Asker: 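After the structure tokens below, expect a handful of questions from me.
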Amino acid sequence: MATETVTASTRVYSPFRLIASEGDWLDQLESQGYAVVKGAVPPERAQYYQQKAIEWLQTFDPALDPNDPSTWKKEKLPVQTERNTYEHYSVVHEKFMWEARQEPGVVDAFARIWGTHELLVSFDSLNVTLPNLKTPRAPWPHIDQAPRKRGLHCIQGIINLSHAGPEDGSLVVIPGSSKLVEEFFDTKTDPSTWEWRDNRYFDDKDMEFFTSRGLKPMKVLAEPGDLILWDSRTIHWGGEPTEKSNTTRAVIYAAYAPAKLASKDALEEKERVFSAWGATTHWPHDNIKLRDLQARLPDGTPDPRHRSEPLEKPEVTDKVLRLAGVKAY
């Protein structure tokens, strides 16, 4: 994408838009800002990825039994981010994570969105949430697109590996909010306050703009193997399980975008992150920056369980290298 002289109020417009089709998930993604692609991953493959995720947790605590809450010891589990995700210990590049990113049904869905199979993928995180292990986090509505970016720039994804019913943990979205956020920023905020990072939180007062227009939150329901998609302009957050849930949530976050959208600098940084077995943001092609490799304990000290490389390294094929942005299409 062309660069330009920027100021606090500069708006960067995307040339892309979703094309309405025949009333399927792509239509819903365009109109509501989210969609579920049913059965993108075969059930047996989804079960395999879920089992690999649990086995990865068990490398930190071999006594962990996902079916026996008495064995769940929070202090023995790897350090999670505040978003309940795992992105340290090189888990982002474990073999099973890269296998999931290459699932044909997942890649094909994003290829349909963007009109090309020449895609980059995000080095995104793993989420394994054991129900009732900690106090649920309050909603944290946000978008993952800077106010200065207008139009369709990024579609995020969750490869869902577990049952996500009304009581279980799952993505929560505000349907229709993707079509209103630009109006919100232009009429309710001062452009001089816009930050450049692709992340913006909404407080209760902000949310009044959307609720006054009849918009309300909805938990996305899904089954193992479903692919949850949402526009980065859609207000969303990670919904916590209720006390009635006994389902261990397991998901892999993965977003894809056309390789041609990435700048030379972004590709160089993406290669650096890949070589370090590091994690990035949700964005596959822009906003590329290496997240802190070192997990830290609650007291701020480095976790001695740090891993500088995956336990099971991925098979580094040409396909992986192209998705990683290391090799050109």
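For reference, positions follow the sequence shown, starting with 1. Keep in mind it's a predicted model, so treat the numbers as computed, not measured.
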Asker: When you measure from the centre of the six-membered ring of F60, is the NZ or CZ of K76 closer than 6.0 Å and no more than 45° off the axis?
Answerer: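 Here K76 fails the 6.0 Å and 45° test against F60.
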Asker: Considering residues at least two apart in sequence or located in another chain, which fulfil the side chain to side chain contact (heavy atoms under 4.5 Å, CB included) criterion with R272?
Answerer: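 So R272 forms a side chain to side chain contact (heavy atoms under 4.5 Å, CB included) with E269, L290.
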Asker: Report yes or no: is the cationic atom of K95 (NZ for Lys, CZ for Arg) closer than 6.0 Å to the six-membered ring centre of W277, at no more than 45° off its axis?
Answerer: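 Here K95 fails the 6.0 Å and 45° test against W277.
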Asker: Side chain of T234, backbone of G33: donor and acceptor closer than 3.5 Å?
Answerer: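 Here the side-chain-to-backbone pair exists.
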Asker: How far apart are the C-alpha atoms of R148 and E195, what are their side-chain angles, what is the distance that settles it, and do they pass the salt bridge (Lys or Arg N to Asp or Glu O under 4.0 Å) test?
Answerer: CA-CA 8 Å; R148 64 188 172 89; E195 296 187 14; over 6 Å; no
Asker: Please name all residues satisfying side-chain hydrogen bond (donor to acceptor under 3.5 Å, both in side chains) with D303, sequence neighbours left out, ordered by chain then number.
Answerer: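 side-chain hydrogen bond (donor to acceptor under 3.5 Å, both in side chains) check on D303 returns Y89, R305.
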Asker: Under a 3.5 Å cutoff, is there a donor and acceptor pairing between the side chains of D65 and T71?
Answerer: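 Side chains of D65 and T71: no pair found under 3.5 Å.
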Asker: Go through the structure and list residues passing salt bridge (Lys or Arg N to Asp or Glu O under 4.0 Å) with E271, not counting sequence neighbours.
Answerer: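 So E271 forms no salt bridge (Lys or Arg N to Asp or Glu O under 4.0 Å) with any residue.
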Asker: Against the six-membered ring of W114, is R112 placed for a cation-pi contact (under 6.0 Å from the centre, within 45° of the normal)?
Answerer: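 No, R112 does not sit over the ring of W114.
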Asker: I'd like to check the salt bridge (Lys or Arg N to Asp or Glu O under 4.0 Å) partners of D186; sequence neighbours left out, ordered by chain and number.
Answerer: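 Result, salt bridge (Lys or Arg N to Asp or Glu O under 4.0 Å) vs D186: R11, R150.
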Asker: Can you tell whether the side chains of E103 and R45 come within less than 4.0 Å, N to carboxylate O?
Answerer: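 Here E103 pairs with R45 in a salt bridge, since their nearest N and O are under 4.0 Å apart.
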Asker: In chain order, what residues pass the salt bridge (Lys or Arg N to Asp or Glu O under 4.0 Å) check against K289, with sequence neighbours excluded?
Answerer: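 K289 satisfies salt bridge (Lys or Arg N to Asp or Glu O under 4.0 Å) with no residue once adjacent residues are dropped.
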Asker: Only one of K73, E55, Q58 clears side chain to side chain contact (heavy atoms under 4.5 Å, CB included) with L64; which?
Answerer: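 Only match with L64 under side chain to side chain contact (heavy atoms under 4.5 Å, CB included): Q58.
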Asker: What salt bridge (Lys or Arg N to Asp or Glu O under 4.0 Å) pairs are there with at least one residue in residues 212-224, not counting sequence neighbours?
Answerer: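 Sorted pair list: E183-R213.
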